[in-house]
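Working notes for the structure below.
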Amino acid sequence: MDALNINIEHALAYVSRAEVDALLPEVVTAKRHLLAGDAAGSDFLGWVDLPESIDPEMLNRLKADVARLADKSRLMVVVGIGGSYLGARMVIEALQSEFASMVRPSAPYIVYAGHTLSEDYYAQLLQLLDREDYSVCVISKSGTTTEPAVAFRIVKAHLEHKYGIAEAASRIVAITDANRGALHDIAANEGYPAYVIPDNVGGRFSVLTPVGLLPIAMAGFDIDRMLQGARDMRRRCLDCDTLDNPALMYAAVRNALYRKGVKVEMLVSCQPNLRYLAEWWKQLYGESEGKEGRGLLPHSLTITTDLHSMGQYVQQGERLMMETFIRVAKPCATVPVPVDERNLDGINYLTCKTLTQINDCAADGTVAAHVEGGVPVLQITVPKVDEYVVGQLIYFFEFACGVSGYTLGVNPFDQPGVEFYKKNMFHLLGKPGF
């Protein structure tokens, strides 16, 4: 297997193949709206062609800035929230060692700011930055979103105190609007290298723009290979108007189950390095579909870890959920279970097996148990986890999200509800005009 595959066998006890097939005209129509740009949210469809339309000169400039900053940085602080950091973090955490912060990789280690307002978090971050050489990538369309604006002010002050104003400016790169906004103006005034967040690409779809590409490259990963994976998945999604198209199949099955009363979708993986894939996916689908009183609630589990906390509810709680399992066919390494002649723990029966074999049996057993317990299960299998496969997953989930949102009957490219908490927060903080 050299490509992403989707298997709906374990959902067919809850929604028939005929019901899924009946949705094909709707998902194909949704796909055509995406490609024609003639439906709600059409101003934000730049991501559809993004893998093919990226400017090579911009990529070369980005790689040169990455090389310059990496040469003098042990850390990079990525300042952003939501789509301005989740995509990059998803890719980096999927590809790096689980213990990267301890083993000192050859590329700079990425840390994050702007995604929280926790005072303790920033106190600990500043203590770290006291000890390490670092640079900053600040990502914001406007530059005025509270969380990253506060974080950038804090980190910028520390950087200037540590290195001086001129050197600090050489260690900052901004990713922002092409022509306007507070961060655009700050970057122009201070002379920071700047990259553009395209006007027609929303934040949660922006991982294949400089928003994701620069931090991912800074972490030492091959963004060209990732883009190739996205290109190949794009061709697969665009070329086929049958349910052999994995994005159309995913959109059709989840909408069919939703219409039969399923309210929650859980993205499940056996690999802890994919936990931020789930966090990115939750924003992608939650912001795109959760409106007008509609949409599946996105949730996630990592097994077997979460089977020891959430497994009971999934097995026997209210029947309101479906699961989408991400299965990885081949690990990057093999770790066998050693023999213990005394066998005091009673697990010598496992010594002929690798951890992957055990993990696969745990996953297969979980799928069988949950299906028997009344949970429809989809399975998405990828050959391994590398840059190329992650690029495929990004485009697959993005394209399926657009198709699924239009099939659901909502505009998948706005997020009006996000602003409500901000108005209340600004009023409580005494911001002028609120």
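- Between Phe205 and Trp47, the angle of the ring planes stays under 30°, which puts this pair in the parallel group of the 30/60° scheme.
- A cation-pi contact links Arg61 to Tyr195, judged by a cut-off of 6.0 Å to the six-membered ring centre and 45° from its axis.
- Tyr406 meets the ring-ring contact (aromatic ring centres under 6.0 Å, His included) test with Phe413; sequence neighbours excluded.
- Between Ile139 and Thr176, every side-chain heavy-atom pair lies at or beyond the 4.5 Å cut-off.
- Annotation: Glu372, atom CD; neighbour count of heavy atoms from other residues, nucleotides and ligands within 6.0 Å does not exceed 12.
- Residues Pro108 and Arg74 fail the side-chain proximity criterion, which asks for heavy atoms closer than 4.5 Å.
- Looking at Tyr388 and Asp222, their side chains never come closer than 4.5 Å, going by heavy atoms from C-beta outward.
- No more than 12 heavy atoms of other residues, nucleotides or ligands lie within 6.0 Å of CZ in Phe420, so this atom counts as exposed by the packing criterion.
- A distance of 8.0 Å separates CD in Glu398 from CG in Leu50, rounded to the nearest 0.5 Å.
- In this structure, Arg234 does not pair ionically with Asp239, as no charged nitrogen and carboxylate oxygen lie closer than 4.0 Å.
- Taking the side chain as every heavy atom from C-beta outward, Gln379 and Ile6 never approach each other to under 4.5 Å.
- For the residue pair Ser269/Arg275, the side-chain donor-acceptor check at 3.5 Å is not satisfied.
- Applying the salt bridge (Lys or Arg N to Asp or Glu O under 4.0 Å) test to residues at least two apart or on different chains, the pairs with a partner in residues 203-212 are Arg204-Glu287.
- Atom OG1 of Thr146 is separated from atom CG of Leu429 by 7.5 Å, given to the nearest 0.5 angstrom.
- Within a 6.0 Å sphere centred on NZ of Lys422, heavy atoms belonging to other residues, nucleotides or ligands number more than 12.
- Side-chain N/O atoms of Ser16 and Glu19 include a donor and acceptor closer than 3.5 Å.
- Of the charged side-chain nitrogens involved, none lies within less than 4.0 Å of a carboxylate oxygen, so that Arg32 and Asp38 do not count as a salt-bridged pair.
- Applying the ring pair (Phe, Tyr, Trp, His ring centres under 6.0 Å) definition to pairs two or more places apart or across chains, none involves residues 10-42.
- Between the side chains of Asp177 and Ser142, not a single donor N or O lies within less than 3.5 Å of an accepting N or O.
- Residue pairs that meet the side chain to side chain donor-acceptor pair (under 3.5 Å) test with at least one member in residues 114-124, sequence neighbours left out, do not exist here.
- Looking at Glu265 and Arg254, a side-chain N of the basic residue comes within less than 4.0 Å of a carboxylate O on the acidic one, giving a salt bridge.
- Counted within 6.0 Å of CZ on Phe44, heavy atoms from surrounding residues, nucleotides or ligands total 12 or fewer; the atom is thus considered open.
- Outside the 6.0 Å centre-distance limit, the rings of His184 and Tyr192 are not counted as a close aromatic pair.
- Phe152 meets the ring-ring contact (aromatic ring centres under 6.0 Å, His included) test with no other residue; sequence neighbours excluded.
- In the displayed structure, Arg235 atom CZ is contacted under 6.0 Å by more than 12 heavy atoms of other residues, nucleotides or ligands.
- Salt-bridge annotation for Asp386 and Arg225: absent, with no side-chain N of the basic residue lying under 4.0 Å from a carboxylate O of the acidic one.
- Ring centroid separation for the pair Trp281 and Tyr285 comes in under the 6.0 Å cut-off.
- Of all non-hydrogen atoms in Pro148 and Val79, the two that sit nearest each other are O-CG1, 3.5 Å.
- When each of Asp306, Val377, Val314, Thr324 is checked for a side chain to side chain contact (heavy atoms under 4.5 Å, CB included) with Met266, only Val314 meets the rule.
- With 3.5 Å as the limit, one finds no donor-acceptor pair spanning the side chains of Tyr395 and Asp232.
- The side-chain heavy atoms of Ser404 and Tyr250, taken from C-beta on, include no pair separated by under 4.5 Å.
- Inspection of the Gln283 and Glu279 side chains reveals no N or O donor paired with an N or O acceptor under 3.5 Å.
- Residues Arg17 and Leu243 form a side-chain contact, since some pair of their non-hydrogen atoms from C-beta on lies under 4.5 Å apart.
- For the residue pair His370 and Glu323, a side-chain donor N or O sits within less than 3.5 Å of a side-chain acceptor on the partner.
- Partners of Tyr112 under the ring-ring contact (aromatic ring centres under 6.0 Å, His included) rule, at least two apart in sequence or in another chain, are Tyr85.
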